[in-house]
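Shown next, in structure tokens, is the structure this report addresses.
Side chains included, hydrogens not; waters and symmetry mates left out as well; all remaining heavy atoms used.
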Amino acid sequence: IAIKDRFTDSSVDVKTYTVEIDPNKPIITVTGETDGTDVVEFEINSNDSNDRIYYTTNGNNPQIDSEGNPIGDTYLYVSRLTLTLDKTTTIKAISVDRDNPSFRSGITERIVTFTTRQPIFVTPIDNYLDEVEVELSAPTPESTIYYTLDGSNPNVNSNQYTTPFTVTESTNVKAIAVKDGFSNSLI
């Protein structure tokens, strides 16, 4: 309502905002390293002990039939799981009433993102007289190292590291490691 002297009061304006909260929507908790290792653990919980939880690990929505049986790439969640993953993975889950499979929660989604570990400079940082051979190592298996010598930030279009290289003047070497399905390492 708006009020001002010598004016008629405005009408009351009412708006209703509805926020839907799905109390049975499962909660996905992920633990473990995601910085170059491939093993993660995850746990899925529901607030209703009468619910069964179904999940996928390929980004597809969980599917069940009218009797509550999983279809295709959907799995019934039983207990904490340890998975070996080779790329960033999307876990999706739903809660389904044990007695009436048509009562289902909304879908919970959790993206597990892996990050490639930073390259290691094997050659010690020091003062060298004439030249130095720079050797790099990639701690994430099957990752590729890219580097620059001009102070710019490296990317997949930069020099690809394959063997140690020689530097003959003061140079800032910057390097990243890249692996398909993983986020790039920090510089």
Side-chain angles (χ1 to χ4, degrees), residues 25-45 53-64 70-94 106-187:
K25 198 171 180 180
I27 298 167
I28 302 172
T29 306
V30 177
T31 58
E33 296 289 326
T34 58
D35 63 348
T37 60
D38 299 337
V39 178
V40 294
E41 291 183 351
F42 70 93
E43 188 171 52
I44 309 173
N45 293 302
I53 298 172
Y54 297 88
Y55 71 96
T56 62
T57 57
N58 61 2
N60 292 335
N61 291 340
Q63 306 270 331
I64 62 166
I71 298 172
D73 53 9
T74 299
Y75 302 95
L76 174 63
Y77 178 80
V78 180
S79 65
R80 183 176 196 84
L81 291 170
T82 300
L83 292 178
T84 300
L85 304 172
D86 61 355
K87 62 182 176 186
T88 295
T89 300
T90 301
I91 300 168
K92 290 188 175 184
I94 59 169
I107 296 172
T108 297
E109 179 177 301
R110 178 71 187 265
I111 299 173
V112 181
T113 303
F114 288 92
T115 301
T116 310
R117 289 185 177 160
Q118 285 179 287
I120 296 170
F121 284 79
V122 177
T123 306
I125 305 299
D126 202 348
N127 291 323
Y128 296 90
L129 292 177
D130 294 324
E131 63 184 38
V132 62
E133 187 175 82
V134 177
E135 183 179 353
L136 303 171
S137 174
T140 302
E142 300 174 13
S143 63
T144 303
I145 298 173
Y146 296 93
Y147 68 95
T148 61
L149 301 173
D150 61 4
S152 64
N153 291 337
N155 59 50
V156 295
N157 296 315
S158 301
N159 299 313
Q160 182 177 339
Y161 178 82
T162 54
T163 61
F165 56 89
T166 302
V167 173
T168 58
E169 59 186 66
S170 293
T171 303
N172 285 323
V173 179
K174 292 185 176 184
I176 60 168
V178 175
K179 181 176 179 179
D180 285 340
F182 284 49
S183 295
N184 293 350
S185 74
L186 297 174
I187 296 174

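- Residues S143 and A177 share a closest heavy-atom pair of OG-CB, 4.1 Å.
- Taking all atoms of both residues into account, the shortest heavy-atom contact from T148 to S152 is OG1-O, 2.5 Å.
- Scored by the ring pair (Phe, Tyr, Trp, His ring centres under 6.0 Å) test, Y147 finds F165 as partners (sequence neighbours excluded).
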Apply side chain to side chain contact (heavy atoms under 4.5 Å, CB included) to F121 and V173, showing your working. CA-CA 10 Å; F121 284 79; V173 179; 3.7 Å; yes
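- Closest non-hydrogen pair, F42 versus V30, comes out as CB-CG2, 4.1 Å.
- Between the side chain of Q118 and the backbone N or O of I187, at least one donor-acceptor pair lies under 3.5 Å.
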Take R117 and T115 through the test side chain to side chain contact (heavy atoms under 4.5 Å, CB included) and record every step on the way to the result. CA-CA 6 Å; R117 289 185 177 160; T115 301; over 6 Å; no
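- Residue N127 qualifies as open at atom CG: its count of foreign heavy atoms under 6.0 Å is 12 or below.
- To the nearest 0.5 Å, atoms CD1 (I107) and CD1 (I94) are separated by 6.5 Å.
- Atom NZ of K179 is separated from atom OG of S185 by 13.0 Å, given to the nearest 0.5 angstrom.
- The structure places CD1 of I28 at 8.5 Å from CD of E109, a figure rounded to the nearest 0.5 Å.
- Annotation: side-chain hydrogen bond (donor to acceptor under 3.5 Å, both in side chains) contacts of N153 (sequence neighbours excluded): K174.
- A donor-acceptor contact shorter than 3.5 Å links the side chain of Y77 to the backbone of R80.
- A distance of 13.5 Å separates CD1 in I53 from NZ in K25, rounded to the nearest 0.5 Å.
- Remark: side-chain polar atoms of T108 are paired, donor with acceptor, to backbone N or O of P26 under 3.5 angstrom.
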Report, one line per pair, each donor and acceptor closer than 3.5 Å where one atom sits in a side chain of residues 55-63; sequence neighbours left out.
residue	atom	partner	partner atom	Å
T56	OG1	N60	O	2.5
N58	OD1	N60	N	3.0
N58	ND2	D73	OD2	2.3
N60	ND2	D73	OD2	2.8
N61	OD1	K92	NZ	3.0

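- The heavy-atom pair separating P141 from P139 by the smallest distance is CD-O, 3.4 Å.
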Give the C-alpha distance, both sets of side-chain angles, the deciding distance and a yes or no for side chain to side chain contact (heavy atoms under 4.5 Å, CB included) between E133 and T123. CA-CA 7 Å; E133 187 175 82; T123 306; 5.6 Å; no
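- Of the possible polar contacts, one joining the T171 side chain to the E169 backbone as a donor-acceptor pair under 3.5 Å is found.
- With T116 contributing its side chain and V178 its backbone, the two residues share no donor-acceptor pair below 3.5 Å.
- Among all heavy-atom pairs drawn from P154 and S158, the shortest one is CA-OG, 3.3 Å.
- Note that CD1 of I64 is 7.5 Å distant from CD1 of I71, once rounded to the nearest 0.5 Å.
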Working note: Q160 + I145, criterion side chain to side chain contact (heavy atoms under 4.5 Å, CB included); need CA distance, chi angles, decisive distance, verdict. CA-CA 6 Å; Q160 182 177 339; I145 298 173; over 6 Å; no
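- Residues P70 and L76 share a closest heavy-atom pair of CG-N, 4.4 Å.
- Summarising the geometry, atom OH belonging to Y161 is positioned 15.5 Å from atom CD1 belonging to I176; distances are rounded to the nearest 0.5 Å.
- Here the side chains of T168 and D130 are not in contact, with every heavy-atom distance at 4.5 Å or above.
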